[in-house]
Amino acid sequence: MRNAYLHWLLPILLLACFAGCKEEMIDGGGPLTWEECPGIELGEWSASVNVPAEGTSYLLVCTNPWPNYGIWLSSVSVDEQFVTLDEEQFMAEGEWGSVVCEEEKLSITIAPNHTGKVRVIEVEPTRIGCFYSIILTQQPLAE
C-alpha cells in the first residue's frame with residue numbers, strides 16, 4: 001500500500017516543480033524596456049534611429065534590468081558584419097564608434113560617417129529572457 005502512494009506522489013511533485021519553473025520563465029521573459037531617449041523611436045521589441053552623418057551619442061536607461069547584473073551585449077554588427085565583443089567590459093568598439101553596457105545603461109557613440117555609403121549598425125542588448133534590437137542607420141557625410 002505504501003508503494004502505491006509513492007507511485008502517485010512522484011508524478012505530482014514533478015508536475016508541480018515543472019509548472020513552477022515554467023511560470024518563472026514566462027514572467028522573466030519579453031522585451032527590454034527603456035526610458036524615453038531623444039532621437040530614438042522606441043518600439044516594444046526594437047528601436048529605429050536615424051543617426052546624423054556627423055555622428056552623435058545616445059544614452060539609454062533600461063527600466064527592467066536583471067537584478068545585480070544589469071544588461072549586457074548579445075551582439076553588435078556593422079553593415080551585417082559582427083563586431084567582436086569585449087565580454088569582460090560589456091562593450092564593442094571600432095572606427096564606427098562604440099557601444100558600452102554598464103549595469104542598466106547602454107551608451108552608444110557613433111563616429112562621423114566618412115565611408116561614402118550608408119552605414120547600418122545593429123545593437124542587441126539582453127538580459128536573461130529579455131531581448132531588444134536597436135537599428136542605427138547613418139547617411140554618409142557629403143564631402
Side-chain angles (χ1 to χ4, degrees), residues 4-143:
Y5 288 121
L6 289 176
H7 179 70
W8 287 101
L9 183 60
L10 184 59
I12 291 171
L13 289 174
L14 287 173
L15 182 61
C17 177
F18 289 127
C21 293
K22 184 176 181 182
E23 182 177 321
E24 183 178 319
M25 287 176 65
I26 290 171
D27 291 343
L32 291 173
T33 56
W34 307 93
E35 290 179 6
E36 291 295 319
C37 178
I40 296 184
E41 186 178 318
L42 296 168
E44 183 179 2
W45 290 92
S46 64
S48 297
V49 184
N50 289 316
V51 179
E54 58 275 358
T56 192
S57 294
Y58 303 98
L59 178 64
L60 289 137
V61 179
C62 183
T63 59
N64 65 337
W66 191 253
N68 302 320
Y69 294 101
I71 57 173
W72 56 90
L73 292 175
S74 174
S75 68
V76 174
S77 64
V78 178
D79 298 328
E80 298 182 353
Q81 299 294 315
F82 286 99
V83 175
T84 302
L85 304 177
D86 181 339
E87 295 176 4
E88 290 180 18
Q89 299 295 321
F90 301 110
M91 67 180 293
E93 62 184 337
E95 292 180 21
W96 52 270
S98 66
V99 179
V100 179
C101 280
E102 292 182 273
E103 297 179 12
E104 76 281 355
K105 295 177 182 159
L106 178 65
S107 175
I108 302 172
T109 301
I110 306 299
N113 186 352
H114 295 287
T115 66
K117 61 182 181 170
V118 174
R119 176 164 48 199
V120 178
I121 301 167
E122 187 169 357
V123 178
E124 294 186 347
T126 189
R127 76 164 177 87
I128 295 174
C130 291
F131 306 94
Y132 205 77
S133 179
I134 302 166
I135 300 170
L136 303 113
T137 304
Q138 184 183 33
Q139 299 297 320
L141 283 167
E143 297 183 86

Are the side chains of [Y] and [X] in contact, using a 4.5 Å heavy-atom criterion?
X      : Y      : result
Val99  : Ile134 : no
Lys105 : Cys62  : no
Val118 : Pro140 : yes
Val49  : Tyr58  : yes
Thr115 : Trp96  : no
Trp66  : Thr126 : no
Glu122 : Val76  : no
Asn64  : Glu104 : no

Show the nearest heavy-atom pair for residues [X] and [Y], with the distance to one decimal.
X      : Y      : value
Ala53  : Gln139 : CB-O, 3.2 Å
Ile110 : Gln138 : CG2-OE1, 3.3 Å
Cys101 : Ile71  : CB-O, 3.8 Å
Met91  : Val100 : CB-CG2, 3.9 Å
Gly70  : Pro65  : CA-CB, 3.8 Å
Val83  : Ala92  : CG1-CB, 4.0 Å

Derivation of the side chain to side chain contact (heavy atoms under 4.5 Å, CB included) call for Thr56 and Ile108
CA-CA 8 Å; Thr56 192; Ile108 302 172; over 6 Å; no
I would like to know whether Arg119 and Ile121 meet side chain to side chain contact (heavy atoms under 4.5 Å, CB included); could you show each step before the answer?
CA-CA 7 Å; Arg119 176 164 48 199; Ile121 301 167; 4.1 Å; yes
Apply side chain to side chain donor-acceptor pair (under 3.5 Å) to residues Thr63 and Glu35 and explain how you reach the verdict.
CA-CA 7 Å; Thr63 59; Glu35 290 179 6; over 6 Å; no
Can you see whether [X] engages [Y] through a side-chain donor-acceptor pair at a distance of less than 3.5 angstrom?
X      : Y      : value
Ser107 : Glu102 : no
Glu124 : Ser75  : yes
Asn50  : Thr137 : no

Counting only heavy atoms not in Glu103, do more than 12 sit closer than 6.0 Å to its CD atom?
no
How are the rings of Tyr132 and Trp34 set relative to one another: parallel (under 30°), tilted (30 to 60°) or perpendicular (over 60°)?
perpendicular
Distance col, row Ser48:OG vs Leu42:CG, nearest 0.5 angstrom, shows 10.0 Å
Enter the distance from Ser98:OG to Asp86:CG here, rounded to the nearest 0.5 Å.
12.0 Å
Apply the side-chain contact (heavy atoms from CB on, under 4.5 Å) test between Val120 and each candidate in Ile135, Val51, Leu136, Val78; give the one that qualifies.
Ile135
